[in-house]
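Only heavy atoms go into these numbers, but all of them, side chains included; no hydrogens, no water, no symmetry mates. Numbers restart at 1 for each chain; the letters A, B, ... are given by sequence-line order, proteins then strands.
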Amino acid sequence: MLQTKALTKDAYQLMHDGILAFGRAERQGIRVDVEYCERKKAHLTRKIERVTKQLQNTKLLKLWNKIYGVKTNISSNHQLSRVLYKTMKIKPFKSTASGNQGATDEESLSMLGIPALDQILEIRKLTKVRDTYLDAFVREQVDGTLHPFFNLHIPRTFRSSSSNPNFQNIPARDKQAMMMCRQALYAREGHHWLAVDYSGVEVRMACIYTQDQKLIYDTVHGDMHLDMAVELYKLDSLDKNHSGEKNLRQGGKNGFVFPEFYGDYYGNCVPNLLKWARIATLKDGTPALVHLSDKGLVKLDKKGKVTNTDKFLKHVEKVEDDFWNVRYRTYSKWKKSWWSKYQKRGYIDMLTGFRCSGVMTKNECINTPFQGSAFHCLLWAFIRIDELAYEEEKWDSKPIGQIHDEISIDTHPEELEHVAETVQRVTCIELPEAWNWIDVPLEVEADLCPVNQPWASKQFYELPEVC
DNA sequence: GGAACTCGCCAC
DNA sequence: AAACGTGGCGAGTTCC
């Protein structure tokens, strides 16, 4: 088990002040529209009932009933797994993590092309929103205000966690789920919800630890996700503003660069890269899969389904080799020496003053300093903003939460410009002055909700220049 | 009847 | 040779 302790007085102070600042944010809380939650819950319940009824008439459910009788439970993945992979003798696409049974996650079910399974997935999604989020909002609120906890004593990397309810995993990517959940949450009456987040702060921490000049250049001036997409998909160029081609950049980012940084390898990247290719189109209208086929990387059948990926696999292996041994070779060397130093000493030290000891895997050992330090940047800024809000400048505006690299501030309209400018200054100027080991520029972006509009309504907000 | 586990899924 | 980091949480299941 990885153990962390404050190695320096500064590190201790950061935790101490952080807990107090989070305590004030917890007390301040987040306004929740309870009536909306109840309405939406009822609406979802009706929708779930409708789909459940349709499901009852399917062949799959008739078979399921035959086996399980009155014990039939459509939310039991164990039962579903047995029906699909034992009774119907379908070959599972993959097993669960523990290897106990064939997997029944979204990917495994959707590729079987059985309509009943799509209905099960639909039910899963709606139930998730209703029971994990809307229900929790109603359960946890006091007089129309939520008080999510922000913990500093749990994550092994000295990040934070959140609970009751978890403010850090409210849907964001799935537009539908995002709208349903975030429509429930508001800043105070007459206030804006201002959200400011550090851009690519984990990668910037990697720049600082590794001092890889190419990584620094790409982070500050370049676009590594685009570069890698061009290599991976064998493109001549990529326009990230083109709606079809930007999916390929997303593929480079989420299907390769991030997994590689977390310690994954090319074999796991290939299926993800293909997933993004499936929904991408080149500027001239060529579907990305057809393009890959033209390049000889994959083979397609008459229906356009991928039948062979051997060449693509080999290609991604080569791209990975180049990524670590040429492009970011300094980063690569750092990883090796960092790991061997840990193996010799039994601990690692973060630049923020924490020492981590105990048993760590290689990936843990390498990721911990980036994740931990990145969060500590946000934490330092959060503490400073809390201090300005409550002590030095006595704002009406108040910080109300954070999501690892993002801070939410319940902001009075008349203070908006001052708060935005101050946050920009604290995060990007004061912090690197206080921690002089930060030798790459830090950047933030902001979103804003109009007064009395929910979190779901957030829009890009141009921050004032402070430099 | 509760603790501990598995599985799936939400966030960064 | 090995192979994605950190969390919270709901539902189902198994164990005691």
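Backbone-only engagement by Asn73(A) is indicated by non-hydrogen atom pairs under 4.0 Å involving sugar-phosphate atoms exclusively. No contact: Ile366(A) has no heavy atom under 4.0 Å from any strand. Among the heavy atoms of the strands, none lies under 4.0 Å from Glu406(A). As judged by a 4.0 angstrom heavy-atom cut-off over every strand, Arg82(A) is placed among residues making no nucleic acid contact. Within the 4.0 angstrom heavy-atom criterion, no nucleotide atom of any strand lies near Thr361(A). The residue Asn272(A) sits close to a base: some heavy atom pair falls under 4.0 Å.
The pair Asp131(A)-Lys41(A) does not count as a salt bridge, with every side-chain nitrogen at least 4.0 angstrom from each carboxylate oxygen.
Considering only residues two or more places apart in sequence or on other chains, Lys458(A) meets the salt bridge (Lys or Arg N to Asp or Glu O under 4.0 Å) condition with Asp447(A). Among residues two or more places apart in sequence or in another chain, the side-chain contact (heavy atoms from CB on, under 4.5 Å) test is passed with Lys314(A) by Glu317(A).
The side chain to side chain donor-acceptor pair (under 3.5 Å) test with Gln119(A) is passed by exactly one of Gln54(A), Arg124(A), Arg50(A): Gln54(A).
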Without placing hydrogens or testing angles, list every side-chain donor-acceptor pair under 3.5 Å for residues 25-32 of chain A, not counting sequence neighbours.
residue: Glu26(A); atom: OE2; partner: Phe150(A); partner atom: N; Å: 2.8
residue: Arg31(A); atom: NE; partner: Ala187(A); partner atom: O; Å: 2.8
residue: Arg31(A); atom: NH2; partner: Ala187(A); partner atom: O; Å: 3.1

Show which side-chain atoms of residues 253-271 of chain A pair as donor or acceptor with protein atoms under 3.5 Å away, not counting sequence neighbours.
residue: Glu260(A); atom: OE1; partner: Trp324(A); partner atom: NE1; Å: 2.9
residue: Asp264(A); atom: OD1; partner: Asn268(A); partner atom: ND2; Å: 2.8

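Side-chain contact between Ser160(A) and Asn151(A) is absent, with no heavy atoms from C-beta onward closer than 4.5 Å.
Screening residues 91-113 of chain A for salt bridge (Lys or Arg N to Asp or Glu O under 4.0 Å) gives Lys94(A)-Asp105(A), Lys94(A)-Glu107(A), Glu107(A)-Lys275(A) as the qualifying pairs, with residues at least two apart or on separate chains. Here ring pair (Phe, Tyr, Trp, His ring centres under 6.0 Å) pairs that include residues 72-125 of chain A, with residues two or more places apart or in two chains, number zero. Listed by first then second residue, pairs satisfying salt bridge (Lys or Arg N to Asp or Glu O under 4.0 Å) with a partner in residues 164-178 of chain A read Lys125(A)-Asp174(A), not counting sequence neighbours. Listed by first then second residue, pairs satisfying salt bridge (Lys or Arg N to Asp or Glu O under 4.0 Å) with a partner in residues 193-212 of chain A read Arg159(A)-Glu202(A), Arg204(A)-Glu443(A), not counting sequence neighbours.
The C1' atoms of dA3(C) and dC10(B) are separated by 25 Å, rounded to the nearest whole Å.
The ring of Phe149(A) has its center no closer than 6.0 angstrom to the ring center of Phe22(A). Side-chain rings of Tyr328(A) and Phe323(A) approach one another, their centers coming within less than 6.0 Å.
Remark: nothing in residues 23-31 of chain A comes within less than 4.0 Å of DNA chain B through any heavy atom. Of the residues in residues 313-343 of chain A, not one places a heavy atom less than 4.0 Å from an atom of DNA chain B.
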Next item on the list: Would you give a per-nucleotide map of nucleotides 5-11 of chain B, 5' to 3', where B means the base has a protein non-hydrogen atom under 4.0 Å away, S means only the sugar-phosphate does, and - means neither?
Entry: -SSSBBS
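On the nucleic acid side, DNA chain C contacts chain A at distances under 4.0 Å to non-hydrogen atoms, with the end points of that region at dA3(C) to dT13(C).
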